[in-house]
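Following: one structure in structure tokens, then a few remarks.
Numbers restart at 1 for each chain; the letters A, B, ... are given by sequence-line order, proteins then strands. Side-chain atoms are counted along with the backbone in the values below, which use heavy atoms only and exclude waters and symmetry mates.
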Amino acid sequence: MVKFIRTHGTESALLAVIVVISFVLSLVTDRYFTVGNAFDLLNTSSVNIIFAVGLLVVLISGGIDISFAVAASVAQYGTALFIAWIGGGNWAIGLIIAGSIGIGLGCLNAALIQGFAIPSIVVSISTFNVFFGLLMFFTKGVSIYDLPDWLTEHVVLYERQLADGSWIEISLPVLVMAICVVATWTLVTRTTIGRQLYAFGDNPEGARRFGVNIAAMRFIAFGWLGLMAGIAGLVQAHYAQEVVPNALYGRELDVLAAVVLGGARLGGGKGTVLGCVLGVMLTQITQNGLNLMGVSPFAFKMIVGAIILIAITLSNARIERLLPFLSRKGA
Amino acid sequence: MSALIQRLNGAPFVRDMAGPGFAFLAVLIVFSLASPQFLSGATFGSVAFQLPELGLLTLAMLMPIITGGFNLAVTFTANMAGLTVAWILEANGGVDASPEVFAFAVVVAIGVGALAGFVMGLVIAFTRAHPILVSLSMMIFLRGLGEFLTRGGDVSGFPEFLHPIGHGSILGIPVPMLVFLVCVALWHLLLSRSRLGFNTYMIGSNIEATRYSGINTRRVVILVYTLSGAMCAIAGIIMMARFNSVRVGHGESYVLITVLACFLGGVHPDGGFGKALPVFVALIDLQMLSSGLNILGANQHLATAVWGLLLITVMISRWLVLRLRSNFASSRR
Amino acid sequence: MALFPEMTVAENIGFSEVVGHGLRLVDYGRIRAIALEALAKLGVSLDVDAPLKEFPIAQRQIVAIARALVGEARVVFMDEPTASLTQSETDHLLDIVRNLSASGVAVVFVSHRLAEVLEISSRITVLRDGRLVGVYPAEGMTQSKITELMTGRTFEAKVRAAPRADRPVVIEVDGLSRPGQFSDISFKVHEGETLGITGLLGAGRTELAMTLFGMLKPAAGRIRLDGREVRFSSNRDAIDAGIAYLSEDRLSLGLIQAQSIVDNLVISSLARILSGGLISPGKKTSLVGKWVAELGVKIGKPEDAITTLSGGNQQRIAIAKWLATDPRLLILDAPTVGVDVGARAGIFDIVARLADSGLAIILISDEVPEVYFNADRILHMAQGRVVGSYDPRAYSLHDIEAAVYG
């Protein structure tokens, strides 16, 4: 336990904040601390968590990507067109198509970064505009509402009524999210590729000298984010029951904030799947709690923004005061 | 010829201008050939009216990027400043408000923008949290605050005398453009000649070494973000006058475009390098592109995509030039 | 060092397990076993499950060596392994190297610290300007002989002539203390005098210098500058009062490597090149021209980045940056780190000239010969206290070295 807190400082801090917020919410509302609500939270967080674990892999490898949310829109739209064209399809086909489009767009980013030595922030700002601009241009901003039944039908994998009368259910998005989380966790902590990604992000020159294939690292990281973005795009279409080309626009910054809040370092080498899930959950729990407390929806974002601002101020200020040698020796 | 290239490479101004200048010529030539209407007063007019909003926000983004950070809250800071002016006008007679009230409102609005920047600067300087995270949470906060206070609607109904600020011209130059030109000149002077500007570059490259050199780096960081916030406020006021209304979310899509414009203008993504004038040329490139495409019948979305392609093209050309130059150097050795 | 600070010690040592096998599950048990075995070979025990960033630099160096031993290495190549170690850490490392060669591993040991080279090697290869000068048996070699081979010149080292006694005091430190770092430090430095401070790394020398420079606050004691007591709230105050501090870490603290020579030179004296509140390019250029000529710095263009310069020329720019602030007292903290042997003499020529022109100088170095030949008086610090004070004209180098290193 002590060891966990030492090696996972950010995760422990986030967990503590979530516990405190949950405790306060359970006192002021009687709905919050129910199993049913917990599953609601999971359902609504699925898409962002899938994005977040994808982005995490890129951040670990020392890159950054702004374009993944609009890439997800492209994958979503492309998949919707494709399944309309073949007339039918199913989840497997949908996921393969959306995932492939996502991987393709991610690899495009990686190719530009690797091939022309352009910083990843510059590449992804460019491709963000290219993906979104072309999507809106070719679709003329028209949404697709006529989706096949398999995509729009609410799939419940497990449901049960509790003694208090509320329902718990695990829906398809939660399952997909769980698979993505476990797969990403396995990739970054259990496979040799994942450890090379950390090493590459931590010390690129050192990793190169050790024979780590830099180009492969970039393609794997951005490809993985592309895959996650494609999947998240399809899940979001399922959740919203429509495909709106600009629905995911702007999501990239929310997800980035959550992942960095979860302890991933911009610059590489650091970040965990747990932290990234907690980062997303913190903002979702706050919104959910405010909702249950009857606060105006217009105030949600303001309070979430203020909480993140206060959280980073407190956590960074405390770390620096407690461990002043860190900032000096870090250079 | 090679002597000429050597001389040109040696001159810092030419080196900084190479990317955006090259793009400028390319855009000019392509569209002049594609459409005879392109080289006309109308194009100039549309560029001059549309450029300032994006341009002022880009100036607000420029200084934080040079310090090695970002200010992702630029657009919502601008919205909040616009709202401040709108409310002060509303509270003092709406359409009948006097110019004095407006002047007062402008001062307060710049103060509001500066305050938002000041808070970000304070958090970044004292906690060393990453500027992306700090400014993102400030962005989420300001968006929420604005939406909460306006309930998602817009505020309008301004006095007549505001119209020229958004739509008037002096000596044939639109007023927003004049404001923008003054701000570019100011930023150019600030960055190239002032101590604050000097320290901004140094901090961008190595903040600890700058502190060891006797510079109060926290003060510099706070000032940079405060100035950035104030510049956002000016952008917000111009946007208000142009649209004749204020709504939270106006210009939201500009955030990442301002970053794109900075990179196109040769600003280094990790900080330490970048100048105001090349960024100004890069902004003109972007606006000419979108006006040109507009003449050809395309919409803003296609222009957005082409902006992205332009940045990639410039970066690839830069890579090619560096590669050719190093090949040239090694073949001479 | 090609290490990964965020990863555990075990992963750093056993990193070869995860490279070059394609996609595979990581066998953490095997990696741990490899790490423990490698550390055991060195006779060191470390917590292999802790992230490397929690260990001081000396132990990271040991981890790097342990990694080199994985897979039955026959030859280990060490490039400046002791560059940032204290004396006792260095001794420990040298013991490890000795054990290694005793166990049959060939070691190539690259270092600019000649004493170490003599102590550890059986053969010494000398390179100069990328050319092989020769390979010599270590037996019968001396430091001065190696220096001669490395530079192609002979240096006759002499202690400084006695300074004039009637010069006024520039700085007087009385009972200065900072808990845990140094305590009860008192000394005076006169105009034109060079005070050497030596002692092992961690003796509190740099902390003392940072306190004089206003970047750390003393818990007790007084600092008098030209007879007046001073209290600094930042290093800017100290600079304005006439104190300059050349950092021991030129690469990351002394100079801003990516920025231009001219900007690095004027950064601490911007107030002197203003006209009408703005920086005057004319004054900037003339300031740079003056100092580049004065210190004989070899540069391309003033707008070139610092990284285009050699270590010795970088250090000259760093000194010039402080001279431009017109100081009364110049504190030089390890001014020859990363400067090759040939260029060191040039740096000390400048230091001597500055002292002759009336500047008070504090010269900090862990290499006793440096302070012995370049200072008028030597303070020996250990564990935060002054434990000895020597006049180089009255003591032999050997005596002082025995006191400091012994």
Worksheet entry | Name of the residue among A/Leu225, A/Leu56, A/Val280, A/Leu248 meeting side-chain contact (heavy atoms from CB on, under 4.5 Å) with A/Phe51 | A/Leu248
Practice prompt. Show the numbers, then the answer: is there a salt bridge (charged side-chain N to carboxylate O under 4.0 Å, His left out) between A/Arg218 and A/Asp65?
Written response: CA-CA 12 Å; A/Arg218 291 224 168 92; A/Asp65 191 353; over 6 Å; no
Worksheet entry | Under 4.5 Å from any heavy atom of chain A - which part of B/Arg143 | side chain
Worksheet item: Hey, which of B/Leu256, B/Leu320, B/Leu322 has the most heavy atom pairs under 4.5 Å with chain A?
Response: B/Leu256
Fill in: Portion of A/Phe300 that has a non-hydrogen atom of chain B nearer than 4.5 angstrom
neither
Item to complete: Verify the neighbour count for atom CZ of A/Phe219: are there more than 12 heavy atoms of other residues, nucleotides or ligands below 6.0 Å?
Response: yes
Worksheet item: Do NZ/NE/NH1/NH2 and the carboxylate oxygens of A/Lys301 and A/Asp254 come within less than 4.0 Å?
Response: no
Item to complete: Counting only heavy atoms closer than 4.5 Å, note whether A/Leu309 contacts chain B via side chain, backbone, both or neither.
Response: both
Item to complete: Measure B/Ile257 against the heavy atoms of chain A and call it side chain, backbone, both or neither at under 4.5 Å.
Response: side chain
Item to complete: Tell me, for B/Ser253 versus chain A, whether the close heavy atoms (under 4.5 Å) come from the side chain, the backbone, both or neither.
Response: both
Practice prompt. Measure the CG-OG1 distance between B/Leu309 and A/Thr127 for me, rounded to the nearest 0.5 Å.
Written response: 10.0 Å
Discussion item. Does A/Asn109 form a side chain to side chain donor-acceptor pair (under 3.5 Å) with A/Ser67? I'd like the steps, not just the answer.
Written reply: CA-CA 9 Å; A/Asn109 279 329; A/Ser67 69; 3.0 Å; yes
Worksheet item: Which bit of A/Tyr249 comes within less than 4.5 Å of chain B, counting heavy atoms only: side chain, backbone, both or neither?
Response: side chain
Worksheet item: Applying the side-chain contact (heavy atoms from CB on, under 4.5 Å) test to A/Val277, which of A/Asn48, A/Leu282, A/Val259, A/Ile49 qualifies?
Response: A/Ile49
Worksheet item: For B/Phe70, is it the side chain, the backbone, both or neither that has a heavy atom under 4.5 Å from a heavy atom of chain A?
Response: side chain
Item to complete: Find the distance between OH (B/Tyr225) and CE (B/Met63) and round it off to the nearest 0.5 Å.
Response: 10.5 Å
Practice prompt. Identify which part of B/Leu149 has an atom lying under 4.5 Å from any heavy atom of chain A, answering side chain, backbone, both or neither.
Written response: neither
Discussion item. What part of B/Leu142 gets within 4.5 angstrom of chain A, counting heavy atoms only: side chain, backbone, both, or neither?
Written reply: neither
Item to complete: Go through B/Asn299, B/Val134, B/Leu136, B/Leu311 and name the one with the most non-hydrogen pairs under 4.5 angstrom from chain A.
Response: B/Leu136
Discussion item. Walk me through whether A/Val123 and B/Ile312 qualify under side chain to side chain contact (heavy atoms under 4.5 Å, CB included).
Written reply: CA-CA 7 Å; A/Val123 166; B/Ile312 293 176; 5.8 Å; no
Worksheet item: Of the backbone (N, CA, C, O) and the side chain (C-beta and beyond), which part of A/Leu135 lies under 4.5 Å from a heavy atom of chain B, both, or neither?
Response: neither
Worksheet item: Under 30°, 30 to 60°, or over 60°: which ring-plane class applies to B/Phe273 and B/His268, parallel, tilted or perpendicular?
Response: tilted
Worksheet item: Among A/Ile307, A/Ile118, A/Val122, who wins on heavy-atom pairs under 4.5 Å with chain B?
Response: A/Val122
Worksheet item: So which part of B/Val123 gets closer than 4.5 Å to some heavy atom of chain A, the side chain, the backbone, both or neither?
Response: side chain
Worksheet item: When heavy-atom pairs shorter than 4.5 Å are enumerated against chain A, which of B/Val306, B/Thr304, B/Asp270 gives the highest number?
Response: B/Thr304
Worksheet item: So which part of B/Met120 gets closer than 4.5 Å to some heavy atom of chain A, the side chain, the backbone, both or neither?
Response: neither
